[in-house]
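To start, the structure itself, in structure tokens.
Count residues from 1 along the sequence.
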Amino acid sequence: MNNDAYECTLNRGADATADWSDILATRYGLHCTCDAHRSVNSTVKSWSLGNVAIARLDLTAQRFSPVREHHPNWPGNYLFVKAITAGYIDVEQEGQARRAGAGSILLLDPNRMFVESLPEPTQLVALQIPKDKLRERGFRHFLNGALIPDMKSPDVRAMSELIHCVGNQADASPQFRRRVGEQLLDLMDIILADSANQSRTRSSEAVLFRTRTFIARNLGDANLTSTTIAAAVNISANHLQRLFKSKGTSLMRYVWLARLDKAATLLSASSAGRCSSVTDIAYQCGFSNAAHFSRAFKERYGLPPREAKHMCPLHSQRSVEETTE
């Protein structure tokens with residue numbers, strides 16, 4: 001995908017429509033057919049938002065479909081997000097026909113062939129979102145068909161307004177545009193949520209949930225690291241660190257506290273008649289040796305684990321889950 005700033009108007013002339021079609025294929029990976037008379041004065045202005053490409057378009061009497069996979073500009077590694085200002089878009093994909101009108105958002109995955117038609121004057125702001133950047137964030141990064149998010153959702157409406165606002169900021173500095181692009185990527189789960197999921201749970205919370213679950217199941221692994229955890233939940237380690245930081249802790253501190261809380265639970269069970277040595281509990285919770293475990297346990301709970309075995313369950317400290325709520 002070509003993210004360089006570009007502006008073009010479809011003029012009259014024998015070769016104008018052919019040139020316009022070449023531009024759309026080269027720069028956006030779209031095969032375009034248009035009317036030599038009705039499509040005249042259509043415009044496209046595009047620029048970059050860091051990893052995201054954005055374009056403001058005013059189109060009439062045109063049809064688009066993705067170029068084939070063998071084409072050097074095949075757009076299958078991107079999702080198209082289109083916020084429609086005026087007019088409408090008819091799209092056929094996977095045997096279904098949908099219409100997205102003014103005020104709505106249309107999402108298309110060019111990895112699946114589609115045909116979209118704009119028979120009347122239509123204005124929109126379009127984003128090309130790299131799938132790998134969505135994958136890094138643990139977001140949905142493929143679509144089975146055209147998706148039109150529910151505009152009754154306040155969050156979806158806010159995203160639509162944000163996209164339109166960004167579409168008027170072509171002259172902002174590259175640094176500002178890059179930062180805006182990152183913000184858009186971080187918010188994409190709002191409009192990528194499955195329409196059947198009426199709660200529209202924030203994906204960041206879903207990622208944290210999956211991460212906590214993975215950690216809980218692997219606390220006995222002494223080699224549990226931020227890299228292995230991030231790989232298990234399909235997100236970058238840096239982004240996962242940011243998610244935990246937003247909750248007031250760090251990823252590995254969370255692991256540390258989870259190990260100690262599990263140890264406290266096992267010690268309580270041991271005091272109730274299930275015999276496990278302190279050394280066994282230390283290894284079960286991922287500590288490399290009993291001495292290290294004892295020091296960490298005493299620092300958190302105020303007494304050594306051998307004494308904790310003979311006392312009631314410990315409640316003097318907040319649970320590890322509370323540290324990230």
Run the salt bridge (charged side-chain N to carboxylate O under 4.0 Å, His left out) test on Lys82 and Glu116 for me, step by step, so that the C-alpha distance in whole Å, both residues' side-chain angles and the decisive distance to 0.1 Å come before the verdict.
CA-CA 12 Å; Lys82 304 184 178 187; Glu116 56 179 340; 2.4 Å; yes
Locate the shortest heavy-atom distance separating Ser294 from Pro305; write the atom from each residue and the value.
OG-CG, 3.6 Å
Between the side chains of Arg68 and His71, does any donor sit under 3.5 Å from an acceptor?
no
Once you round to the nearest 0.5 Å, how far does CZ of Arg135 lie from NE2 of His141?
4.0 Å
side-chain contact (heavy atoms from CB on, under 4.5 Å) against Asp22, all qualifying residues, sequence neighbours excluded:
none
Find out if a path of hydrophobic residues (ILVMFWY) with successive side-chain heavy-atom gaps under 4.5 Å connects Val115 to Val67.
no
Any link between Phe297 and Tyr283 through a network of hydrophobic side chains (Ile, Leu, Val, Met, Phe, Trp, Tyr) touching at under 4.5 Å?
no
Do other residues, nucleotides or ligands put more than 12 heavy atoms under 6.0 Å from Gln169 CD?
yes
Using only atom types and a distance under 3.5 Å, with no angle test, would you say the side chain of Thr122 pairs donor to acceptor with the backbone of Leu118?
no
Side-chain donor-acceptor pair under 3.5 Å between Tyr28 and Ser46, yes or no?
yes
Would Leu143 end up clustered with Val52 when hydrophobic side chains under 4.5 Å apart are linked, directly or stepwise?
yes
Are His31 and Trp20 near enough that their ring centres are under 6.0 Å apart?
no
For a side chain to side chain contact (heavy atoms under 4.5 Å, CB included) check, start with the C-alpha distance between Tyr6 and Lys45, then their side-chain angles and the critical distance, and finish with the verdict.
CA-CA 6 Å; Tyr6 189 79; Lys45 181 177 182 178; over 6 Å; no
After noting the C-alpha distance and the side-chain angles of Asn111 and Asn77, does the key distance pass the side chain to side chain contact (heavy atoms under 4.5 Å, CB included) rule?
CA-CA 7 Å; Asn111 196 40; Asn77 294 322; over 6 Å; no
Taking it one step at a time, do Thr225 and Thr228 satisfy side chain to side chain donor-acceptor pair (under 3.5 Å)?
CA-CA 5 Å; Thr225 66; Thr228 57; 3.3 Å; yes
Is there a path from Met252 to Ile235 through hydrophobic residues (I, L, V, M, F, W, Y) whose side chains come within less than 4.5 Å of each other?
yes
Nearest heavy-atom neighbours spanning Leu266 and Cys285:
CD1-SG, 3.9 Å
Between the side chains of Arg63 and Ser117, does any donor sit under 3.5 Å from an acceptor?
yes
If you group Ile, Leu, Val, Met, Phe, Trp and Tyr by side-chain heavy-atom gaps below 4.5 Å, do Phe176 and Trp47 land in one group?
yes
Can Tyr78 and Asp132 be counted as having a side-chain donor-acceptor contact under 3.5 angstrom?
no
Heavy-atom nearest pair, Ala230 first then Leu240, reads CA-CD2, 3.9 Å
Considering non-hydrogen atoms only, spot the tightest contact between Arg112 and Gln93 and give its length.
O-NE2, 2.7 Å
In a check of side chain to side chain contact (heavy atoms under 4.5 Å, CB included) between Thr9 and each of Val44, Asp58, Thr43, which one passes?
Thr43
For Ile105 and Val156 the tightest heavy-atom approach is CD1-O, 4.1 Å
For the pair Phe114 and Phe80, name the ring-plane relationship: parallel under 30°, tilted 30 to 60°, perpendicular over 60°.
perpendicular
Verdict with reasoning, Leu134 to Phe142, per side chain to side chain contact (heavy atoms under 4.5 Å, CB included)
CA-CA 9 Å; Leu134 297 174; Phe142 63 90; over 6 Å; no
Are Asp150 and Ser153 close enough that a side-chain donor and a side-chain acceptor fall under 3.5 Å?
no
Ser21 side chain to Cys32 backbone, donor-acceptor under 3.5 Å:
yes
Between Trp256 and His292, what is the ring plane arrangement, given parallel below 30°, perpendicular above 60°, and tilted in between?
tilted
Residues in side-chain contact (heavy atoms from CB on, under 4.5 Å) contact with Ser39, at least two apart in sequence or another chain:
Leu10, Cys34, Asp35, Ser42, Ala61, Gln62
Side chain to side chain contact (heavy atoms under 4.5 Å, CB included), that's the test. Do Val166 and Ile54 meet it? Break it down for me.
CA-CA 9 Å; Val166 174; Ile54 184 171; 3.7 Å; yes
Taking the basic N atoms (NZ, or NE/NH1/NH2) and the acidic carboxylate oxygens, is any pair closer than 4.0 Å for Asp90 and Arg98?
no
